Each structure stands twice: as C-alpha cells, then as structure tokens.
Amino acid sequence: MARHLITSALPYINGIKHLGNMVGSMLPADVYSRYLRQRGHDVLYICATDEHGTPAELAAKEQGLPVDEFCAKAHDAQKAVYDGFALAFDYFGRSSSAENVEITQHFARRLKENGFIEERAIRQVYSPADGRFLPDRYVEGTCPHCGYDKARGDQCENCTRVLDPTDLIDPRSAISGSTELEVRETKHLFLLQSKLQHEVEEWVARHEAHWPHLASSIARKWLTEGLHDRAITRDLDWGVPVPADTWPELAAEGKVFYVWFDAPIEYIGATKEWSDQDPENRDWKSWWYDVDDKVRYTEFMAKDNVPFHTVMFPATELGVREPWKKVDYVKAFNWLTYYGGKFSTSQKRGVFTDQALDILPADYWRYFLIANAPESDDSSFTWEHFTATVNKDLADTLGNFVNRVLSFSRKRFGEEVPAGGEPGEPEAKLGEEIARLLGEYQEHMESLQFRKAAAALRALWSAGNSYLEEKAPWLEIKTDKEGAALTLRTAMNLIHLYAVVSEPFIPSTSAAMRSAFSLTDDTATWVTPEEARSLTAVPAGTPFTVPPVLFAKLTDDDLAAYKERFGGESE
C-alpha cells in the first residue's frame, strides 16, 4: 500500500479557532487520514501550532504573560479542543520547537550558499511612541486595494492581497495606536524569489492539472503577476533567530525569521519532533528527504494560505537544492461564512470550536461541516441549516434506523441476532444497491470530494431505511416470523457496515454502533463489495445491546437559544 504524508495548515496560536478554520484544514485532513488508514495505507498526519510572529506577542502582552509561557498554554488549550473533535493527528507539534529552529536555520544557510538570500538595507516603519521598528503586523491601516480599514501590514484579510506596511493608507501602530510613524533605514534578509520564478513555474506546471481549480488558479495568478524578492526577517523578540554564524550583525540586532518563512518548514520540524520521541522506531527523513515517488504528500488549507504553499514554500524548497519532499496535491477550500458574513477570530464573530463542543458532541459538527464543506465556492453556516441537517440526516436517517431495528428485535426476538430464513430477492437487491453506493463513496473519498462523499454516505444510510420500509418487519412478523427475523438480521448487518464505513466522518458514533454487537473477532477495517452484497458480518446468535440515542433531535427551543447566544443574521 502507498505511504501518505498529510498536513493541514498550522492553526495560529492566538486563540481558539472558529468552525471556518476547522472545516478549511484540520477536519477534512482528519477524515481523509482516517479513510486511508482504514484502507490499509501507511499514513502520517502532521500538524502544529504556528507560534511565531506579531499576533503571538500582542496576545501575550494582553494577557500579561511572557510570550513563551502564553504559547505553551495556548498550544495545550488548542490541542484539548482538537482532541474533543477527535482529530487523530499522528503528531501535533509546535513551531517554536528546537527541531524547527534547527531545520529553519539550515534552510536559510543553504539558500544563502546557493545565492537565494541576500542582505538589503530597507526603509521600515518606526514608531517613536513605542521606541521600536514595527514589523508588518504591528502596522494597521486601510488596504489600498479594497479599502478595508483594518488591514495588516502583511496581508489584507478582506481581499487576501499581500501587502507591505508602507502600502497602507493612514497607517497606525498596533501596539500604541500612534499615527506618528516614521520610516527609517534598517537591514533585513531577502529571499530572492525572482531568481526562482522559472523553476517554480515549471514545478507548478507539472502539478496544477491535478489540483482543484481553486488551488491552481491562485498559484497561477501569483506566478502571472511575477514573484518578488521578499524580506524574510523581522524585528521581534519571539521567533526563529537568525543564526549568528552566518549573519552575525543581524543576529546581534535580534532579528528573527518571518513567520511565513519558518511556519511551512514546521511540517518537517513537527515530523522530526514526532521522530525524536521514538528515534529507534521512527525515521522523519523517510517521509521528507529523497522520497519523491515513495510518499504521496497532500496538504489541506483554506484559500488564503494557498499562495504560501503553492509558490513561496516550493520556492524555498527548490532554492535549498536538496531533495526535500514537495506537495503532490493541494486540497484548498473556500470560506465557510456565518450567515453570509466572515467568521472572525479578531472580531469574535461566529461559532468557535470550544463553544461548539459545549453545545453538542463532536460528531454533530464533524458531519455537518464535511457535508457542507466550502469546496467549489463559499458556503454559509446558519443555525436553521445546521438543525435541519442534524435532524434529517443524523437523527432520522441514521439514528432512528439503528434504534428502531435494535429495539424492535430485542422486544420480539430477545438480545441475540435472530436467524430467520434465507435471503431473497429484496436482500439481493439491497446488497447490489449497497455495493454500488459504497463504490461511489470510495470514489469520492479517493478524489477528496468531501461533499459528494457525504452525500454517498447519506445515501447508504437511506438505503437501509428504504429496505426497512419495504419489508416492514413490524407487519411481516404477524404472518411470517422467519421473514421478519431475516429482515432484522439484514438490517443489523447494515448497522455494522455503517459503523465501519462512517468512521472517518463520525468516529464516536461509529464506535457506539460497532460496540452494540458482541463479536469475538471483529477486526474489519473496511467493507468489500462482496461483503456489502452478502451482509453476513454479524451472524445469527450474536449478542447485542441497544445503545443510547445516537443523535438527539434539535428543537425549535434549541434553535432559538443558539441564535440568541450567537446571533442569527448577517452583519
């Protein structure tokens, strides 16, 4: 089987993430990783907190904590939420790790040796009120492209254009708010992306046909506009230090690398963190170094991260002139909006992941988010849509099927799977339908089409309900007890099949469905078409229990409470 390396865009350290962040990177990566593991592939799913840069310093200052202490606490808080969502990372690291410092500095040295980093004197914003040069994110103002008045000096979160602080209209200090800013000369390191333009174009051309249109179009847009040399150091107290053995003057001034230089390298750094925990059994380089055709690398991210992963980081890897693994497939997502407006960490708009888990278990959110993932265009979260999806798909289609099959069988046949007669035409028809839908589900999962995969999974659940309505064992038992027993045994095998194939979407619920049956040797990781046609994984005589209600229906009162707490109209 293939070896799959999977990463999701690193969540930034300054606060718990919202649902839009979850569905745009980590959750689909987890669903895909779980699916690949079930199919027998060797999978390594890596993520980490992105801890360097201005926002970390500002957030630490707001809390009155040293930045390293703030980041340690914030990392643990984020990891607890991701555990709550059942994200099965192989490792969840930290970009401030010693491993990332080591590898980032190595990359920088190699880029300099190869002529792709040079030191330049530039004019940079200085704040007399703060007594310091202001890194890009410490400068706020109006975007010259779209007019957004809260744009940062590195990027406008409204139109996603990359900026320099001096581009902003009416700039101000993010620390003090002072508008009395000056421009002074200082020295920084520049990555000479212009010298790598042709190589990056050739690399993108070899891959973009296989990427989603969203990813390839963004990469092509950047390349068409031309790659510009970019400063990769900042005046901050917190970050990967510029190595003194290579740039002694800048190191003495306390320069650190720009967060967007070291953050993608942390994918490699986090893998080394994982390896260093068990070096006798883990080899981080076997996933990253000189493995081009031996490992398939898939990245998951929202569209604002695409330029950095399809252009900037590949340029860095190409310039190092070492055989580091580059991404094979970029799964990019549009925005999940909240009633048509942006989720926003800074403005605390929308539902945040810790709040979501306070309201309902993770599987409610996992299923809804993936079933409505913003793949081809932006999608909107509304409480009305959420409650309708939970009630129709989860509570009625899946949960009610499981409950009424097991409850009715226990009531009429006891606590063992009934035997019944031999399968007939309805069972053969059902088997063919399940095998067909399972094939569609697999096809969509293999091609990373998550909304289509969710629709196929929902159709699998619906097929069981259609079979049950057709056979109507509550009527059948009055005239044909053996026939009713066969119907229920078939339906119980469907429950087991659902438990196996639904695991990437709703792992906790799948475990509950699977544990309903006391099977002595239940090692199934997937269901073959032949097994789907025969539906014999749970034989007659198997003891079973009726699990608690899998999904509670949400009421009008619930809907009203959610909207009162979070708001329910566009702003």
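As the structure is a computational prediction, the values presented were derived from the model and not from experiment.
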In terms of side-chain geometry, is the basic nitrogen of R94 or D50 positioned less than 4.0 Å from the acidic oxygen of its partner? no
In this structure, is the centre-to-centre distance between the rings of Y91 and Y45 below 6.0 Å? no
Once you round to the nearest 0.5 Å, how far does CZ of R110 lie from CD of E317? 13.5 Å
Below 30° counts as parallel, above 60° as perpendicular, anything between as tilted: where do the rings of F386 and Y562 land? perpendicular
Locate the shortest heavy-atom distance separating S508 from D363; write the atom from each residue and the value. N-OD2, 3.2 Å
Between the OG atom in S127 and the CZ atom in R172, the distance rounded to the nearest 0.5 Å is 13.0 Å
Hey, is D235 close enough to K255 for a salt bridge, meaning N to O under 4.0 Å? yes
Derivation and outcome, side-chain hydrogen bond (donor to acceptor under 3.5 Å, both in side chains), residues T337 and D378: CA-CA 7 Å; T337 65; D378 292 350; over 6 Å; no
Tell me whether D328 is salt-bridged to R296, with the criterion being a basic N under 4.0 Å from an acidic carboxylate O. no
Under 4.0 Å between a Lys/Arg side-chain N and an Asp/Glu carboxylate O for D229 and K195? no
Please report whether the ring centroid of H18 lies less than 6.0 Å from that of Y338. no
Applying side-chain hydrogen bond (donor to acceptor under 3.5 Å, both in side chains), run through D42 and H4 and close with a yes or a no. CA-CA 6 Å; D42 188 7; H4 287 267; over 6 Å; no
Rounded to the nearest 0.5 Å, what's the gap from CD on Q155 to SG on C143? Could you check? 10.0 Å
What distance do L44 atom CG and F89 atom CZ have between them, rounded to the nearest 0.5 Å? 12.0 Å
R152 with D154: basic N within carboxylate O range, under 4.0 Å: yes
Which is it for S178 and E180 under the side-chain hydrogen bond (donor to acceptor under 3.5 Å, both in side chains) test, yes or no, and what are the steps along the way? CA-CA 5 Å; S178 173; E180 297 181 7; 5.0 Å; no
Just verifying a value: how many Å separate D136 CG and Q124 CD, rounded to the nearest 0.5 Å? 8.5 Å
Any ion pair linking E225 and K221 (charged N to carboxylate O, less than 4.0 Å)? yes
Please walk me through it: do S95 and E266 pass side-chain hydrogen bond (donor to acceptor under 3.5 Å, both in side chains)? CA-CA 5 Å; S95 68; E266 167 59 9; 5.8 Å; no
Please give me the minimum heavy-atom distance between P374 and L336, naming the atom from each residue. CG-N, 3.9 Å
Do the two ring centres, one from Y289 and one from W284, sit under 6.0 Å apart? no
Rounded to the nearest 0.5 Å, what separation is found between the CG atom of L168 and the NZ atom of K150? 13.5 Å
Does the ring centre of F381 sit less than 6.0 Å away from the ring centre of Y339? no
Indicate, with yes or no, if the rings of Y267 and W288 have centres closer together than 6.0 Å. no
Given the side-chain rings of Y329 and W211, with only the six-membered ring counted for Trp, is the space between their centroids under 6.0 Å? no
Does this structure show an ion pair linking D90 with R37, if we count only N-O contacts that are shorter than 4.0 Å? yes
For the pair D245 and R109, evaluate salt bridge (Lys or Arg N to Asp or Glu O under 4.0 Å) and give the outcome as yes or no after the intermediate values. CA-CA 9 Å; D245 60 3; R109 293 188 187 99; 3.2 Å; yes
With M301 as partner, the option from H309, M26, K331 fulfilling side chain to side chain contact (heavy atoms under 4.5 Å, CB included) is H309
Basic-acidic side-chain contact under 4.0 Å: D292, K326: no
I'd like to know if the side chain of Q197 pairs up with that of Q193 as donor and acceptor (distance under 3.5 Å, no hydrogens or angles considered). no
